[in-house]
Amino acid sequence: MPNLPTTTSKLTKPISTAYSLPPPPLHPAAITNQILKSDNPQSLTQTLHTLSGWTPNLVQTILKRLWNHGPKALQFFNLLDNHPSYCHSAAAFDHAIDIAARLRDYKTIWALVCRMRSRKLGPTPKTFAIIAERYVSAGKADKAVKVFLSMHEHGCQQDLNSFNAFLDVLCKSKRAEMAYRLFKIFRGRFRADVISYNIIANGFCLKKQIPRALEVMKEMVERGLEPTLTTYNTLLKGYFRAGQVTEGWVFFLEMKKRNIDIDAVTYTTVVHGFGVAGEVEKARKVFDEMIGAGVLPSVATYNALIQVLCKKDCVENAVLMFEDMLRKGYVPNATTYNVLIRGLCHAGKMDMAIEYMDKMKDDCDPTIQTYNVVIRYYCDDGEIEKALVVFEKMSGGTCLPNLDTYNILISAMFVRKKSDDLLIAGKLLTEMVDRGFLPRKFTFNRVLNGLMLTGNQGFAQEILRLQSKCGRLPRHFRL
DNA sequence: GTAGGGTTAG
């Protein structure tokens with residue numbers, strides 16, 4: 001029998017009643033740790049198969065926790081795929097495809113798509129949005145277009161929704177021009193709507209090309225489509241993003257003059273926009289105006305203001321705003337805490353930052369950003385041991401380190417010029433490759449040099465082999 | 001996962 005800790009096992013129940021109890025619930029944290037620890041696929045299969053009570057939700061949670069350990073995540077997915085009584089959901093397949101795509105394992109992606117189809121679970125439009133996004137972010141936008149155009153060959157109908165989702169993928173990856181070209185070709189066939197236009201306008205705003213965004217908006221009006229509040233909010237955000245604060249403010253006034261029913265998103269955009277420009281007083285004034293106008297601030301509005309106060313005012317005022325938010329009955333989310341924790345770290349109040357990190361656990365789980373911020377500032381302060389303690393806590397499986405975490409820590413291993421630190425750097429480098437991350441050439445070379453200079457030739461050889469395996473050797477270099 | 005508002009720091 002697998003011996004997984006459960007909450008019920010902590011309670012001391014009389015043995016006589018234990019028989020009538022339902023099977024203990026499966027705990028994602030315990031199972032995730034079991035998967036991470038296991039180096040024997042056979043016994044892991046045994047463990048996973050013996051457990052009953054698998055649900056799509058539980059599988060999703062575990063896949064999410066294993067997100068930063070791609071190889072393990074896929075192993076888990078595959079082992080469970082042969083479970084006698086559990087069948088993967090479409091969402092689990094999508095998740096596995098996303099992970100394979102991030103590992104640039106294109107063969108596995110398409111094998112999973114085929115398996116999905118043979119089980120009549122899809123592939124769905126969402127599956128294709130995932131695949132397209134990964135191709136685009138790998139610099140293969142043309143391939144992404146081909147994938148979209150061949151959706152129907154994989155048994156997935158193309159429609160306006162999937163067209164819009166695809167345009168959005170291109171725009172979010174800063175390919176607005178390409179999206180606009182495709183849009184013009186296919187808008188008739190898919191009956192492009194306001195949402196399609198908003199996506200394209202937003203794409204140009206992301207590239208700070210406001211005139212292009214306005215052009216799209218104009219064209220939309222000429223074709224008889226009415227701009228929505230989202231259209232206006234998109235352009236408003238565009239002005240501020242492009243650093244055109246005055247134009248943004250004028251646009252905001254114009255929205256009010258035209259009696260557009262502005263909402264919390266509109267106000268949050270302006271608060272954030274003024275804040276980034278260092279106009280703290282104006283940001284506060286707009287926040288007050290909002291309340292006066294009877295528009296209820298959202299958690300995001302508070303997040304924007306707290307961030308502004310942290311960056312352009314002082315963290316003490318940010319804490320006051322945070323407390324004000326609690327008094328009014330808001331529940332802060334992970335972004336609220338992350339913004340405030342970053343502010344505290346930046347002000348050198350590391351102990352307080354850690355306090356807030358603990359407090360955070362009552363409302364939500366710390367995210368990878370939370371850990372990375374704390375680790376980064378500990379490293380900057382030369383508190384490398386403390387950074388490593390935080391890092392060790394992550395290995396528990398609630399939030400595994402990502403590429404940034406490894407890069408931050410590896411860089412920190414060079415500041416003290418200690419031989420032991422270089423060994424840790426080497427260990428971190430090995431571990432990150434193990435978990436499916438691809439270090440840059442620069443990182444490899446740096447660790448390699450460090451190990452050579454500190455007399456760790458043996459380890460250096462190992463790293464060199466790893467670098468070769470990853471295809472990250474310097475040009476003209478042969479082992 | 002068909003659109004708009006908050007996340008590090010460079």
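We use all heavy atoms of the structure for the numbers below, so side chains are in, but hydrogens, waters and symmetry mates are not. Chain letters run A, B, ... following the sequence lines, proteins first, then strands; residues in each count from 1. None of these values were measured; they are calculated from a predicted model.
- Ring geometry for A:Phe128 against A:His154 counts as tilted: the plane angle lies between 30° and 60°, on a 0 to 90° scale.
- Ion pair A:Lys427/A:Glu431 not flagged as a salt bridge, since none of the NZ, NE, NH1 or NH2 atoms sits closer than 4.0 Å to an Asp/Glu carboxylate oxygen.
- When heavy atoms are screened at a 4.0 angstrom cut-off, A:Ser298 is found touching base atoms of the nucleic acid.
- Taking the P atoms as reference points, B:dG5 lies 15 Å from B:dG1, given to the whole Å.
- Counting non-hydrogen atoms under 4.0 angstrom, A:Ala201 reaches nothing in the nucleic acid.
- Within the structure, a side-chain polar atom (N or O) of A:Asn202 is placed less than 4.0 Å from OP1 or OP2 of B:dG4.
- Contacts with DNA chain B (heavy atom under 4.0 Å) in residues 242-259 of chain A: none are found.
- Classified by interplanar angle (parallel below 30°, tilted 30° to 60°, perpendicular above 60°), the ring pair A:Tyr239/A:Phe251 is tilted.
- Listed nucleotides: B:dT2, B:dG1, B:dG5. Nearest to the side chain of A:Ala129: B:dG1.
- Using cut-offs of 30° and 60° for the angle between ring planes, the A:Phe148 and A:Phe163 rings count as tilted.
- OP1 or OP2 of B:dT8 has at least one side-chain nitrogen or oxygen of A:Lys311 nearer than 4.0 Å.
- The phosphate of B:dG4 has OP1 or OP2 within less than 4.0 Å of a side-chain N or O from A:Lys172.
- For the OP1/OP2 pair of B:dT7 and a distance below 4.0 Å, the side-chain nitrogens and oxygens of A:His272 include at least one atom meeting the criterion.
- Listed for the A:Tyr330 side chain is a donor-acceptor partner under 3.5 Å among the backbone atoms of A:Pro297.
- Without hydrogens or angle criteria, A:Asn402 side chain to A:Asn68 main chain gives no donor-acceptor distance under 3.5 Å.
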